[in-house]
Structures are given as structure tokens and as C-alpha cells.
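Keep in mind it's a predicted model, so treat the numbers as computed, not measured.
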Amino acid sequence: MEDIFVARLMSTTLHTVSVDTLVEDAAKLMMENGVGSVLVVDDDNQLLGILTTTDFVQIVAERQPKDQTPVSEYMTSDVVTTTAQVPIQDVADTMMQHGFHHVPVVDDDEGVIGIISTTDLASYLSTAEAPSPS
């Protein structure tokens, strides 16, 4: 797997919101698109944070008024990211170490260019061919 890079597996159809987006609207976006996270970006597509389904557990537990709470209240802003040329083994290790299900893929010039998830990794592994016996 050292020769398989993030660029090959990452999703490039991104669902993004601004820091001012209401959590209710972010939740609707996630539900409508069947995704487990939205990326919080600025006007230049630079990553500011990530909001995941796990964050919604906290929102419900704290009983905040969902229709008046911006995503900036709950997003993770200290985001661990990767780049497109990182081997997937390294990303998988990072995900396991931190208990992450999503890792945004960033580029210095373009900002956020993708996201890799545990679903992407599982999908790849389920279709990967086993190595031929030596």
C-alpha cells in the first residue's frame, strides 16, 4: 500500500459551509448528500474547520437551539489534514491513532481539494486484489 496515495482514494465532491452557517443547515446538507462531515472554509477555500456527525451528538446533548447556532460553535478548528501525495497507509495510521473518520486533503495553493474517509479506505480494500503468491 506504500505506492497508493491519498489522491487516488479521496473524494473530490466536497460539501462545504462557512463559519456562519447554522448547524441545522449543515445537518440538512449532510443528510441530503449522505455524508458524515462538512468542511468549513473561508472565501478563498482555505480550511477553517470540520463538522462531523460526532459533533452533532454534542450539539444534541447540550440542547443548544439548533436553528440559531453557527457551525463555528462546534466545528473542530485544529484540523489534522493530509496532502494528495501521502501514502494511504500513513493516513490510515493517523485515523487510527486519533479515532478520526475523516481527514481533509489540502493543497497550499488551492486550499481544500478533497477528503478521505474510513469509507474510502474500506471501499478500496474491498476491491483491492490480493497479492499473487510468490
Inter-residue atom distance Ile4.CD1 - Leu125.CG, 0.5 Å rounding: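 Going from the CD1 atom of Ile4 to the CG atom of Leu125 covers 10.0 Å.
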Distance, nearest 0.5 Å, that separates CG of Leu9 from OG1 of Thr119: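 Output value for this atom pair is 12.0 Å.
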Derivation of the side chain to side chain contact (heavy atoms under 4.5 Å, CB included) call for Met10 and Ile113: CA-CA 9 Å; Met10 72 183 189; Ile113 60 169; 4.0 Å; yes
Ser18-Thr21 side chain donor-acceptor pair, cut-off 3.5 Å: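 Yes, a side-chain donor-acceptor pair sits under 3.5 Å.
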Shortest non-hydrogen separation from [X] to [Y] and the atoms involved:
X     : Y      : result
Tyr74 : Glu62  : OH-OE1, 3.1 Å
Val17 : Val71  : CG2-CG2, 4.1 Å
Arg8  : Tyr124 : NH2-CE1, 4.1 Å

side-chain hydrogen bond (donor to acceptor under 3.5 Å, both in side chains) involving Ser117 - partner list, sequence neighbours excluded: Asp120
By side-chain hydrogen bond (donor to acceptor under 3.5 Å, both in side chains) - contacts of Thr16 (at least two apart):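 Expected list: none.
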Worked verdict on Leu121 versus Ile88 for side chain to side chain contact (heavy atoms under 4.5 Å, CB included): CA-CA 8 Å; Leu121 295 172; Ile88 60 167; 4.2 Å; yes
Ile116-Leu14 co-clustered via ILVMFWY side chain contacts under 4.5 Å: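 No, separate clusters.
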Contacts of Glu32 that satisfy side-chain contact (heavy atoms from CB on, under 4.5 Å) - sequence neighbours left out: Lys28
By side-chain contact (heavy atoms from CB on, under 4.5 Å) - contacts of Ala27 (at least two apart):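 Once residues adjacent in sequence are excluded, the partners of Ala27 under the side-chain contact (heavy atoms from CB on, under 4.5 Å) criterion are Phe56.
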For a quick test of your reading: what N or O donor-acceptor pairs under 3.5 Å do the side chains of residues 33-52 make, sequence neighbours left out?
| unit_1 | atom_1 | unit_2 | atom_2 | d |
| --- | --- | --- | --- | --- |
| Asn33 | ND2 | Leu29 | O | 2.8 |
| Asp42 | OD1 | Asp44 | N | 2.8 |
| Asp42 | OD1 | Asn45 | N | 3.1 |
| Asp42 | OD1 | Gln46 | N | 2.9 |
| Asn45 | ND2 | Glu110 | O | 3.1 |
| Asn45 | ND2 | Val112 | O | 2.9 |
| Thr52 | OG1 | Thr54 | N | 3.3 |
| Thr52 | OG1 | Asp55 | OD2 | 3.4 |

Anything under 3.5 Å between a donor and an acceptor, one on a side chain of residues 93-106, the other on a protein residue two or more places apart or in another chain? List them.
| unit_1 | atom_1 | unit_2 | atom_2 | d |
| --- | --- | --- | --- | --- |
| Asp93 | OD1 | Gln89 | NE2 | 3.1 |
| Thr94 | OG1 | Asp90 | O | 3.1 |

Steps toward side chain to side chain contact (heavy atoms under 4.5 Å, CB included) verdict (Gln85, Val6): CA-CA 6 Å; Gln85 298 308 313; Val6 168; over 6 Å; no
